[in-house]
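Please read the structure below before turning to the comments.
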Number of protein chains: 2
Amino acid sequence: MGIVERKERDREEMRKLILSAAQKLFLANGYEKVSIRNIADEIEYSPATIYLYFKDKNDLLFALHQRGFVQMVEEFRPLLLISDPFERLVEMGRSYIRFAVENPELFDLMFIMNAPMDTLEKKDWVEGDQAFGLLVQVVQECMDTGVFRKHNVEATAMMIWSAIHGYTALFLRKRLGMFPECDRQTVMDDGFTLFCQTLRHGL
Amino acid sequence: MGIVERKERDREEMRKLILSAAQKLFLANGYEKVSIRNIADEIEYSPATIYLYFKDKNDLLFALHQRGFVQMVEEFRPLLLISDPFERLVEMGRSYIRFAVENPELFDLMFIMNAPMDTLEKKDWVEGDQAFGLLVQVVQECMDTGVFRKHNVEATAMMIWSAIHGYTALFLRKRLGMFPECDRQTVMDDGFTLFCQTLRHGL
DNA sequence: CAAACCTACTGAACACTGTTCAGTAAAAAA
DNA sequence: TTTTTTACTGAACAGTGTTCAGTAGGTTTG
């Protein structure tokens, strides 16, 4: 009796169809300018149909948010091969910033927007945990190999994440108006380099 | 002929009335849940009236955003009396975080939300420039007195701002789910302390 | 003082939004 | 073949930001 299995497959495919259409529209026009009706039009179904596959708009956004993490982990995977832990840490930071610049809408959804986190609320944030785990691990190695002094690992990881995230958050939300437009990305890169130096020798 | 002056005063007062009502509602319910109609109801005028005083909703949000900066500068003023530049820098950072935690909605509007920056676009961001200027100044003093090595001042100031901003941005947008709720603020404070140490001696 | 003008304001509308639900046609099970 | 289940939709609801013709009342002019 393969019917229920086929139905399940169909259902999963419909979810993917919706998500792909949504992603396409979101990345093209920004999250604020895409409505459920737009997505429905794109896949040539009624708006109500989308609600058979997603609880509400936030649920849909959360699914895209998860996709974003899959993509990000994919891009980070090669970095895990770098043997020197500090060098690996630096490259992870650089990739974080690059990911934000190259996929601004997706990054926004993953780390800045409120919407996807509202669906979570109580439950815990598996993707976040995993990604943060990667960072904690590399920081731990830096301490083990004597690159960093021994501190609370999680607090240290948190400090590094925040420092790097700060650039991206200010950049994406247009708070770098004090720098000429053309310089903004350079400012971020230079700032990051300076931060890496500071980690090793202080300011 | 004081009539035109009185009209001007009336007009200014109406703007204040609208802004105060808006601020009250926004701080109570969050920006996403307050509509122009809600604000109009609060001041017992028609919604259309608000458009005689503000171009659109973003314009109104931008006015509140400016108010936020006035309030923030007010809270920062006493810190400028601290003579030791590094100590002053540390206290400024601590105040930034405190301001974010104590006025989450306002801080969000000032440093995270898209809406108020959309009205700016071309023009430059005076409030941001000023606030950043304060930071640049204290960093410069830290370099002059030999607390920091000499680097590009603006890049250094930017690095420090980003590092501190990162905590607030992740905290306010609920990306600290990997820590138990009760610890989140401690994590921020400990992280900040660690960052200050790192600035002086490296990690 | 009366007539003209101007200004502040409003009701109603427009084109949207997310979301729900009764109803329908087709597929699956009996 | 009949019954049941499933997938889908049109239409509606209650809300949003925004615009605009129309009006009442204060201000200026003849």
Side-chain angles (χ1 to χ4, degrees), chain A residues 1-19 21-22 25-26 28-65 109 113-119 121, chain B residues 1-19 21-22 25-26 28-65 109 113-119 121:
Chain A
M1 175 109 9
I3 285 178
V4 301
E5 290 169 9
R6 195 207 62 205
K7 292 238 166 171
E8 197 124 329
R9 261 190 290 117
D10 284 1
R11 199 180 158 72
E12 200 50 48
E13 223 158 281
M14 187 63 168
R15 267 184 75 97
K16 278 186 194 161
L17 183 67
I18 295 171
L19 283 175
L25 292 176
F26 282 141
N29 311 332
Y31 294 98
E32 290 173 358
K33 281 169 193 154
V34 177
S35 68
I36 296 285
R37 281 176 179 80
N38 296 154
I39 300 169
D41 279 0
E42 178 75 20
I43 58 173
E44 297 177 291
Y45 277 79
S46 144
T49 302
I50 290 174
Y51 288 87
L52 300 174
Y53 296 87
F54 297 94
K55 196 180 131 283
D56 54 24
K57 200 184 181 185
N58 284 352
D59 192 33
L60 200 158
L61 283 172
F62 181 68
L64 287 179
H65 159 111
L109 182 64
M113 280 182 62
N114 278 321
M117 298 323 259
D118 290 345
T119 11
E121 281 303 303
Chain B
M1 177 92 26
I3 285 177
V4 300
E5 290 170 9
R6 196 208 62 206
K7 292 239 166 167
E8 196 124 328
R9 260 189 291 118
D10 283 359
R11 199 179 157 73
E12 201 50 47
E13 223 157 281
M14 187 61 167
R15 267 183 75 98
K16 278 185 193 161
L17 182 68
I18 295 171
L19 283 176
L25 292 176
F26 282 141
N29 311 333
Y31 293 99
E32 290 174 356
K33 282 171 192 153
V34 177
S35 67
I36 296 285
R37 282 177 178 80
N38 295 154
I39 300 169
D41 279 0
E42 177 76 19
I43 58 173
E44 296 176 293
Y45 277 80
S46 144
T49 303
I50 290 174
Y51 288 87
L52 301 173
Y53 296 87
F54 297 94
K55 194 180 131 284
D56 54 25
K57 200 184 180 186
N58 283 352
D59 192 32
L60 200 160
L61 283 172
F62 181 69
L64 287 179
H65 159 109
L109 182 64
M113 280 182 61
N114 278 321
M117 298 322 260
D118 290 346
T119 17
E121 281 304 302

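Throughout, protein chains are lettered first and strands after them, A, B, ... in sequence-line order, and every chain is numbered starting at 1.
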Please report, rounded to the nearest Å, how far the [atom2] atom of [N] is from the [atom1] atom of [X].
{"X": "A:Asn58", "N": "C:dT19", "atom1": "CG", "atom2": "P", "result": "7 Å"}
{"X": "B:Ile50", "N": "C:dG11", "atom1": "CD1", "atom2": "P", "result": "13 Å"}
{"X": "A:Asn29", "N": "C:dT17", "atom1": "CG", "atom2": "C1'", "result": "16 Å"}
{"X": "A:Glu32", "N": "C:dT17", "atom1": "CD", "atom2": "C1'", "result": "13 Å"}
{"X": "B:Asp56", "N": "D:dT18", "atom1": "CG", "atom2": "P", "result": "5 Å"}
{"X": "A:Lys57", "N": "D:dG15", "atom1": "NZ", "atom2": "P", "result": "19 Å"}
{"X": "A:Leu17", "N": "D:dC8", "atom1": "CG", "atom2": "C1'", "result": "14 Å"}
{"X": "A:Arg6", "N": "D:dT6", "atom1": "CZ", "atom2": "P", "result": "13 Å"}

Under 4.0 Å, heavy atom to any atom of DNA chain C: which of residues 36-45 of chain B qualify?
B:Arg37, B:Tyr45
Just call it for B:Thr49: base, sugar-phosphate, or nothing, with non-hydrogen atoms closer than 4.0 Å on any strand.
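Here B:Thr49 touches the bases of the nucleic acid.
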What's A:Tyr53 touching, base or sugar-phosphate or nothing? Going by heavy atoms closer than 4.0 Å.
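The answer is sugar-phosphate, as A:Tyr53 gets under 4.0 Å only of primed atoms, P, OP1 or OP2.
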Can you list the steps and then say if A:Met14 with A:Leu17 is a side-chain contact (heavy atoms from CB on, under 4.5 Å)?
CA-CA 5 Å; A:Met14 187 63 168; A:Leu17 183 67; 4.1 Å; yes
Apply ring pair (Phe, Tyr, Trp, His ring centres under 6.0 Å) to A:Tyr31 and list each qualifying residue two or more places apart in sequence or on a separate chain.
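Ring pair (Phe, Tyr, Trp, His ring centres under 6.0 Å) check on A:Tyr31 returns A:Phe26.
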Evaluation steps, side-chain contact (heavy atoms from CB on, under 4.5 Å), between A:Glu32 and B:Asn114
CA-CA 10 Å; A:Glu32 290 173 358; B:Asn114 278 321; 4.0 Å; yes
Taking only the side-chain heavy atoms of [X] (C-beta and beyond), determine which of [options] contains the nearest atom.
{"X": "A:Leu52", "options": "C:dC9, D:dC8, C:dT19", "answer": "D:dC8"}
{"X": "B:Ser46", "options": "D:dT18, C:dT19, C:dG11", "answer": "C:dG11"}
{"X": "B:Ala48", "options": "D:dT19, D:dG17, C:dG18", "answer": "D:dT19"}
{"X": "A:Tyr51", "options": "C:dA28, C:dT20, D:dG17", "answer": "C:dT20"}

Check whether any side-chain heavy atom of A:Arg15 lies under 4.5 Å from a side-chain heavy atom of A:Glu12, and answer yes or no.
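Counting from C-beta outward, A:Arg15 and A:Glu12 do come under 4.5 Å.
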For Watson-Crick and G-U wobble pairs within 3.5 Å on both distances, what is DNA chain D written in dot-bracket notation, | included for inter-strand pairing?
||||||||||||||||||||||||||...|
Tell me, with the steps shown, if B:Asp41 and B:Arg37 meet salt bridge (Lys or Arg N to Asp or Glu O under 4.0 Å).
CA-CA 6 Å; B:Asp41 279 0; B:Arg37 282 177 178 80; over 6 Å; no
